[in-house]
Amino acid sequence: MEHKQTVLILDFGSQFTQLIARRIRESKVYSEVHIHNFDLEKIKEMNPSGIILSGGPMGIYEEDSPQVNNEIFHLGIPVLGICYGLQLISSAFNGKVEPAEHREYGKAHIKINNESSLLNNVKNDSVVWMSHGDYLTKMPEGFGLDAATDNSPICAISNEDKKIYGIQFHPEVAHTEEGKKILNNFVFNVCGCKADWTPQNFINQAIEEIKNKVGGKKAICALSGGVDSSVAAVLMHKAIGEQLICVHVDTGMMRKNESRDIAKMFEENYNLHIIHIDAADRFLTKLAGIDDPEKKRKIIGNMFIEIFEEEALKFDGIKFLVQGTLYPDVIESVSVKGKSVTIKTHHNVGGLPEKMDMQLIEPFRELFKDEVRAIGYELGLPSDFIKRHPFPGPGLAVRILGDVKKEYLDLLREVDDIYINEIKSAGIYDEIWQAFAVLLPIKSVGVMGDARTYENVIALRAVTSTDAMTADWYRFNPDILEKISNKIIRGVKGVNRVVYDISSKPPSTIEWE
Ligand code: XMP
């Protein structure tokens, strides 16, 4: 998408880089993260309203530490350096950076002695969040000293003529009391941006661009019923109407009535052209006897692609494939910790375009999840639907530990339905990031009436989270848990014990497989 104004963030590997982008977008200004050595010509072409140099875990003099092309300081574009970014500015203008005796981590109080445009109206002595090992010991040339903290005598600097600013602390984290104001000062006062990155503007522009791209041709999209694919489908339909074909594959691993409800809602309320494929038997046949989690995930992913392809080939002239890819999947991050390992193979429709001769349309490539939700609201999708807990592509197959069988799926669907309905009626559904039940591959002894039972064990999981990268177990009121447990054991034949999972992520993951 073309943006009239963009704040460019160059990433030097800080764990907070994405947060900077989110904060700026919350102020309704578009911002984009790129790798620290993003090509200078591309920067010139983009002509951003401002550039932010992020923090980073290394010292600027360390071998292989990421560097900035110093020409960016001479483009006439305002620059804000945060932490490592401040040190880069310092080094570019002959200041000095040295290792501190102690790494400074946590809260500090900022003493402002000059209200630069960046620190305009920022409360003196307010709390700022520090996380650094090196610090400035000599001012860079041409810069004024604006603020200090006890451990960082050079904590904020500015060159107002060149519009270059540097701060040692992190304004993007919530612990920095005046962080939002500081970022807003930079974006609005220094860079002169306007607050016009709104869902409605996004939708209007996306529709225009999709129309131009697709022309009179057809596009296909996999509609799982998840928030991203649903919002993408509705947006696409607004842009190209009947030229959009949606395929919903019922894998048989869905929750109770889920497939039926999804198809009904989109057909009735949005007039989408949906092809509904009942593929439960195909999935179950392939999964028979497989108990390895990764194998299960791969089988489901591959089968999904196979079915989707079969359907796509039934139509002539499909030239575009719609995917609900989100921004965090796209950001090219700086790898400072070496290779990453695959914890779980996530199943989405990735991989399709290589095999099929179609161009990709990814309307949300630039968006964070909460922005997609905001677009969903703006497009009129029901709030219940937008707030739904995430559900993994492989569905209940990764919540039945071990072998997946139809009878287990049916049992788990009943349990899940009771659990989720109880959470809803207790009014706590929106407090929880994700809640679900897991069928364990063991049996335990119980007693019902006078008889001994030997039946299945269900584990309940509920977590709070903001991005699924980390999660904490949800603290239920015990009375609610008791009610849920009773209802499950009384209501679902084959279950005689319910346990609650109290592990956080890390070291556990959210799903059990
Ligand atoms: P984990 O279990 O890795 O899950 O902590 C993090 C989040 O991702 C969801 N999840 C998936 N989502 N396809 C998806 O679209 C998948 O294959 C998949 N596996 C896990 C999980 O439910 C949680 O929200």
Side-chain angles (χ1 to χ4, degrees), residues 18 221-233 247-255 258-259 262 283 286-287 290 292-305 307-308 322-330 340-352 362 364-365 367-370 372-373 386-401 404 412 416 419-420 423 429-440 459-474 501-513:
Q18 281 199 30
C221 95
L223 183 65
S224 66
V227 175
D228 307 334
S229 72
S230 302
V231 179
V247 177
H248 175 76
V249 179
D250 180 354
T251 57
M253 313 291 147
M254 313 285 281
R255 290 164 289 192
E258 189 172 19
S259 268
I262 288 165
F283 278 89
K286 270 264 155 83
L287 284 170
I290 309 289
D292 177 76
E294 273 303 285
K295 278 196 190 134
K296 279 157 69 173
R297 282 178 171 273
K298 292 225 167 82
I299 288 171
I300 294 172
N302 292 340
M303 174 61 83
F304 189 91
I305 291 172
I307 294 173
F308 192 87
V322 185
Q323 286 196 337
T325 318
L326 299 187
Y327 195 45
D329 308 327
V330 175
S340 64
V341 292
T342 303
I343 308 288
K344 292 177 191 183
T345 308
H346 274 218
H347 147 223
N348 49 37
V349 277
L352 285 174
E362 298 175 309
F364 305 143
R365 253 184 96 74
L367 304 191
F368 291 107
K369 186 102 181 172
D370 45 354
V372 174
R373 291 206 167 105
I386 289 174
K387 287 185 178 163
R388 273 188 349 158
H389 293 172
F391 187 64
L396 299 184
V398 291
R399 296 176 178 174
I400 292 171
L401 304 197
V404 181
L412 191 56
D416 180 83
Y419 184 31
I420 298 300
I423 286 176
Y429 185 82
D430 294 346
E431 286 173 30
I432 297 171
W433 166 268
Q434 202 170 0
F436 56 89
V438 181
L439 177 63
L440 304 186
L460 301 179
R461 181 118 168 99
V463 295
T464 52
S465 177
T466 48
D467 52 12
M469 299 294 291
T470 60
D472 195 9
W473 58 280
Y474 179 73
D501 179 351
I502 52 167
S503 336
S504 55
K505 172 181 179 176
S508 302
T509 53
I510 295 178
E511 303 288 345
W512 278 43
E513 285 197 337

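Owing to the predicted nature of the structure, the values given are computational and were not obtained by experimental measurement. For ligands, and for the atoms within them, numbers begin at 1 and follow the listed sequence.
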Does Arg297, backbone or side chain, put an N or O under 3.5 Å from an N or O of ligand 1? yes
Do any nitrogen or oxygen atoms of Pro390 lie less than 3.5 angstrom from nitrogen or oxygen atoms of ligand 1? no
Report the distance from atom CZ of Arg255 to atom CZ of Arg388, rounding to the nearest 0.5 Å. 5.5 Å
So Phe368 and Tyr327, would you call those rings parallel, tilted or perpendicular, with 30° and 60° as cut-offs? perpendicular
Donor-acceptor pair, side chain of Glu513 and main chain of Pro293, under 3.5 angstrom: no
Arg461 side chain vs Ile510 backbone, donor-acceptor pair below 3.5 Å: yes
Proximal atoms of ligand 1 relative to [X] (non-hydrogen, under 4.0 Å):
| X | result |
| --- | --- |
| Pro394 | 16 (C), 17 (O) |
| Lys505 | 1 (P), 3 (O), 5 (O), 6 (C) |
| Gln434 | 21 (C), 22 (O), 23 (C), 24 (O) |
| Ala468 | 6 (C), 7 (C) |
| Thr509 | 1 (P), 2 (O), 5 (O) |

Residues Arg297, Glu511: salt bridge by 4.0 Å N-O rule: no
Within the supplied structure, the quantity of interest is the number of heavy atoms (other residues, nucleotides, ligands) at a distance under 6.0 Å from Lys286 NZ; does it exceed 12? no
